[in-house]
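The structure under discussion appears below in the form of structure tokens.
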Amino acid sequence: MTTSVGRRAVIAGGATALLVPVAIGLSKSASLLGGASPTDGASANAAAGPQAAALGAYLKIDTDNNVTILIGPTEMGQGIMTGLAQLVAEELMLTWTQVRAEHSPIVATSPNPYANPLFGAQFTGGSTSMRGWYLPLRKAAAIARDLLLAAAEALTPTGAWTLASGGQVTDGVHSYRFADLVSTAATLTPPTSATLATTRNAIGQRLPRTDIPAKVTGAAVFGIDVQVPGMLYAAVVHCPTLGGTVASMPTSSRGALALVNLGTGVGVVSTDTWSAQRAADSIASSIKWTLPQNTAALDSPSIAAKGLSLVASAIETPRVYEQAGGIDPAAALAGAAAKIDATYQLPYLAHACMEVLNCTAVVTATSAEVWAPTQAQALCIPTVAAITGLPPAAITVHTTFLGGGLGRKFEMDFVTEAVKIAKQVGKPVKLTWSRKQDFQNDKYRPCATIRVQAGVDAGKAMSALLYRNVSPSINIQRNSSPGNNPEDTGAVAGATDLPYAIPSRRIEFVPNPADIPLGYWRSVGESYNTFAVESAIDELALAAGADPLAFRRVHLSGDPRALGVINAVDALSGWSKGPPPSGSARGVAFLKGFGSYIAIVAQVSNSGGKVKVSKMFCAIDCGVAVNPDQIEAQMQGGVVHGLAATLWGQVIFNKGVPSVSNFSNYRMLRLSEMPVVSVSIVPSEAAPGGVGETGVPCVAPAVANAWAKLTGARVRNLPFYPGATMGDG
Amino acid sequence: MSSTLTLNVNGVARTATVSDSGMPLLWVLRDILGLTGTKYGCGIEVCGACTVLVNGKPEKSCEFDVGSAVGKKIVTVEGLADDADGRKAQAAWITNQVPQCGYCQPGMLVATVGAMKAGHHGSEIASELKNICVCGTYQRVSKAVQTL
Ligand code: FES
Ligand code: FES
């Protein structure tokens, strides 16, 4: 299934922004008010808790006065349930132990109170959840607070009701618990605005995550854990060559209860996942596939060669996504005192979420119910409707916990397959992809070839930047149609709007079309552009004879927040205080992105000719730091994600056949290789910025810059060590 | 051939009818017994998400034939709370706010408890842990095991 609107376009605000009125979730007319009580995937397995009453779309209050906050975005490890719950806890003066959080329902009707107010759709990606919800959810909670106070006044008119801590209101003499007020409050007309709290009892505090207790007992329900009575289990076989479709297939197989032609693969149904996988393996060789015509468009060495030629040649009409300064950068470069001309190459990458793709579905003649580990709630119901022919109102989709999303679980392929299988067998089915299917049928991070030409004037000030990104485009691949050749400014995200003072610059994008399926990989365009930009800035600083950190500071002096993270990372790493321990070297990288600012210093040494990353110093300004502990966690995780990609991450395609099949040949970081990550959060009252993706892009350039400093060897092609396996030391 | 086996899981005798005694313990736990805490990650003994204790020793259940588990004591993440070491590890995980997505954590915790039962402490436990965590919680895992 292709989506009509790209995620990046939507999340970047490319689509028309639809601002959900903040009171909508609390409006009497909202269909959810007092309606069916929302649940999440956990309900399929767990018994219901104490009777809870809804106050609008975002709050449920049970008879024990526990407050459950319904969270629109998906919890996939980033801690968003906790962060958003903190906003509500602040406005309602809740005690943290009475706070619960769960996924909201997926709503297909409009307006959807759970749609991210930034872009008006229920999607989770682009590090937008806190950015989108920070004010709207606080306002909704403040309105709920005023409704609860009005309810107390309606029950006991004293004119003196105020909020008290622990989910109560008091008039100085009497008090009510929220639980005693919720039914009355639900009958009142909510105000359209309310004053926000000025306290910082929850916001800015290192509160423990609401989801961790269930994640240490095994009780947390991920998509793969959903159990429905009478459920069957399914596996899937896709064509070993990307893009192949089923030409013919067996009609039955030993160990399989049903075989389902999915067009792009064969669903194999059995009594348990292992039997389904075994049956899938046994029929794999007897499926005949129709292979795609143009396998050269599925061959990564050919695509990379094409990239190299496009990046070097004169192009009649490159897409110019940024042009600044009166002087042509090429002319400015001709007169530069020192300059660089460097080409960087980055490979295709897999997502490798810890939880493989899976989905559980029940389809009857009149209804469908689906449990999906999804980042794209807004696409689920239309997807199920298209397959089943059911009206949206007959379809229920639950968001489960995600064992990592990383952008892969934005896609609908695994949901589509589960629904098709369930529809055909007429019984509840849980589809689980094998790890091999997961690696070999990914929507891969595009490869990229990037040429950077930059120069400084006689005063070591940057005079010009000429940047060309040549890469397959996610947006063009998804949304091209005859007569429609869409733009993809996301392809140069991380290279445009640089806060560096560069008087003359041109940022070009040249599509390198290929048929390898592409997707959004944690930090998307910045995952490759920041490597090129920050490696090039380093190379230019060295060419100019300047210290790389000081060089950045000079060129960022016009942006106080950028300067703030540069100074913070300097202090944290001790960069200006003196050299690192002998045998090691430091490298720095900077990014303004996802609504935040970050600078990372990597400290590396040489271990038998290979880079060993011992320390990573991160300074981040993400505006109001809602939960500093979780921001630190995201920086630690971002470093791990970025480091595995820097050192080893690569998928090669030989005429459409991916080179990787499991973690064994897609090397991940282990505990023993973990650098010590220290984090400095720059105090800020700016609007919250993103943190889930922000930690990733600077890792590769910081490490490459440090390695160049240590050894003189400049790594311009990632990964550092292609072909690595988990067996390597 | 389908057969009915009795397994001792978390101190309880459980009966499982399986299609083949070569079925990996992982899928018997998850799909037959409904104990979904133990996770599938790779299926080839690389990632550790499926780790359970068999007679106190960490084993990768994804390639551990259920037939060989008969007569042995199996402990999964769901059983950790019944064990002093398990409770200690869980508490350390909460204190240090270790999990992110949480998917690898059942295996990480069970492997930790296995290392504790082998007499390891602190960084000795850390050096036993080969589990993959894609979210990158390693720094907090290291910190948590320092207290064990
Ligand atoms: S699933 Fe068993 S080690 Fe990965
Ligand atoms: S916490 Fe997500 S994989 Fe470890």
Side-chain angles (χ1 to χ4, degrees), chain A residues 45 75-79 208-209 211-222 224-225 227 233 255 270-275 277 352-356 401-406 432 434-435 629-630 633-634 636-641 644 662-664 668-674 676-677 726, chain B residues 18-20 22-24 26-28 30-32 34-47 49 62 76-81 89-95 97-106 108-109 126-127 129-142 145:
Chain A
N45 297 43
E75 177 56 63
M76 46 192 174
Q78 80 281 44
R209 285 173 63 138
D211 55 344
I212 282 187
K215 288 179 175 177
V216 301
T217 61
V221 177
F222 297 87
I224 202 170
D225 301 329
Q227 297 179 60
Y233 297 79
S270 190
T271 50
D272 56 79
T273 307
W274 181 71
S275 300
Q277 281 187 3
C353 295
M354 200 74 221
E355 178 199 25
V356 290
F401 279 129
L402 269 59
L406 306 172
T432 303
S434 69
R435 176 56 70 187
D629 189 55
Q630 285 310 308
Q634 284 308 297
Q636 294 166 0
V639 163
V640 171
H641 202 74
N662 208 315
F663 290 118
S664 50
M668 310 302 288
L669 206 77
R670 298 233 206 230
L671 189 147
S672 58
E673 296 155 331
M674 179 72 196
V676 177
V677 179
M726 279 315 282
Chain B
V18 300
S19 53
D20 188 318
M23 186 169 172
L26 171 65
W27 298 110
V28 177
R30 290 182 53 82
D31 292 358
I32 312 282
L35 292 170
T36 56
T38 305
K39 298 297 191 255
Y40 167 67
C42 66
I44 55 166
E45 300 192 64
V46 168
C47 75
C62 65
T76 70
V77 65
E78 289 94 342
L80 292 185
Q90 287 173 323
W93 252 237
I94 291 172
T95 304
Q97 292 287 291
V98 172
Q100 291 188 26
C101 84
Y103 192 82
C104 72
Q105 300 297 338
M108 196 75 85
L109 273 158
S127 58
L129 295 177
K130 306 280 189 284
N131 304 50
I132 293 173
C133 173
V134 173
C135 291
T137 62
Y138 298 125
Q139 188 155 328
R140 292 184 178 202
V141 170
S142 296
V145 301

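Just the heavy atoms: all of them, side chains too, but no hydrogens, waters or symmetry mates, feed the values below. Just so we're on the same page: letters track the sequence lines, and every chain starts at 1.
In this structure, chain B has a heavy atom under 4.5 Å from the backbone of A/Leu402, while its side chain stays farther away. Proximity to chain B (any heavy atom under 4.5 Å) is restricted, for A/Ala352, to the backbone atoms N, CA, C and O. With a threshold of 4.5 angstrom between heavy atoms, B/Val28 does not approach chain A through any atom at all. In this structure, chain B has a heavy atom under 4.5 Å from the side chain of A/Met674, while its backbone stays farther away. Heavy atoms of A/Thr271 lying under 4.5 Å from chain B are absent altogether. Only the side chain of B/Leu109 comes within less than 4.5 Å of a heavy atom in chain A; its backbone stays farther off. Interface remark: B/Ala81 contributes no atoms to any contact with chain A (heavy atom separation under 4.5 Å). Both the backbone and the side chain of A/Val216 come within less than 4.5 Å of a heavy atom in chain B. Both the backbone and the side chain of B/Lys130 come within contact range of chain A, each with at least one heavy atom under 4.5 Å from a heavy atom of that chain. In this structure, the portions of A/Thr273 lying under 4.5 Å from any heavy atom of chain B include both its backbone and its side chain.
Between chain A and the residues B/Cys135, B/Gly37, B/Pro99, the most heavy-atom pairs under 4.5 angstrom are made by B/Pro99. In terms of heavy-atom pairs under 4.5 angstrom with chain B, the leader among A/Asp211, A/Val677, A/Leu406 is A/Val677. Highest contact tally toward chain B, considering only A/Arg209, A/Gln634, A/Gln78, is held by A/Arg209 [criterion: heavy-atom pairs under 4.5 Å]. Taking chain A as the reference chain and counting heavy-atom pairs below 4.5 Å, the highest number among B/Leu35, B/Ile44, B/Leu129 is found for B/Ile44. Contacts with chain B were tallied for A/Gly404, A/Ala220, A/Gly403; A/Gly403 has the most, counting heavy-atom pairs under 4.5 Å. With chain A as partner, the option from B/Glu78, B/Arg140, B/Met108 having the largest number of non-hydrogen pairs under 4.5 angstrom is B/Arg140. Contact tally against chain B (heavy-atom pairs below 4.5 Å) for A/Pro208, A/Ser275, A/Ser672: the top residue is A/Pro208. Of all the listed residues (A/Met668, A/His641, A/Glu355), the one sharing the greatest number of non-hydrogen pairs under 4.5 Å with chain B is A/Glu355.
Here the closest non-hydrogen pair linking B/Ser142 and A/Leu671 is OG-CD2, 3.6 Å. The two residues A/Phe663 and B/Gly41 come nearest to each other via the heavy atoms CE1-O, 3.8 Å. For A/Asp272 against B/Ser19, the heavy-atom pair with the smallest separation is OD2-OG, 4.3 Å.
Here B/Lys39 pairs with A/Asp225 in a salt bridge; the nearest charged N to carboxylate O distance falls below 4.0 Å.
Under the salt bridge (Lys or Arg N to Asp or Glu O under 4.0 Å) criterion, A/Arg435 pairs with A/Asp438, sequence neighbours left out. Remark: A/Asn662 engages no residue in a side chain to side chain donor-acceptor pair (under 3.5 Å) (not counting sequence neighbours).
A/Ile224 is listed as a side-chain neighbour of B/Arg30, based on a closest heavy-atom distance under 4.5 Å. Put simply, the side chain of B/Cys133 does not reach to within 4.5 Å of the side chain of A/Met354, judged on heavy atoms. Between B/Asp31 and A/Trp274 the shortest side-chain heavy-atom distance does not fall below 4.5 Å. At a threshold of 4.5 Å between non-hydrogen side-chain atoms, the residues B/Tyr103 and A/Cys353 do not count as touching. Side chains of A/Lys215 and B/Gln105 form no contact here, defined as non-hydrogen atoms less than 4.5 Å apart. Looking at B/Ile132 and A/Arg670, their side chains come closer than 4.5 Å, going by heavy atoms from C-beta outward. Using a 4.5 Å heavy-atom cutoff, the side chains of A/Val639 and B/Gln139 are not in contact.
Side-chain atoms of A/Gln227 come within 3.5 Å of backbone N or O of B/Gly34 as a donor-acceptor pair.
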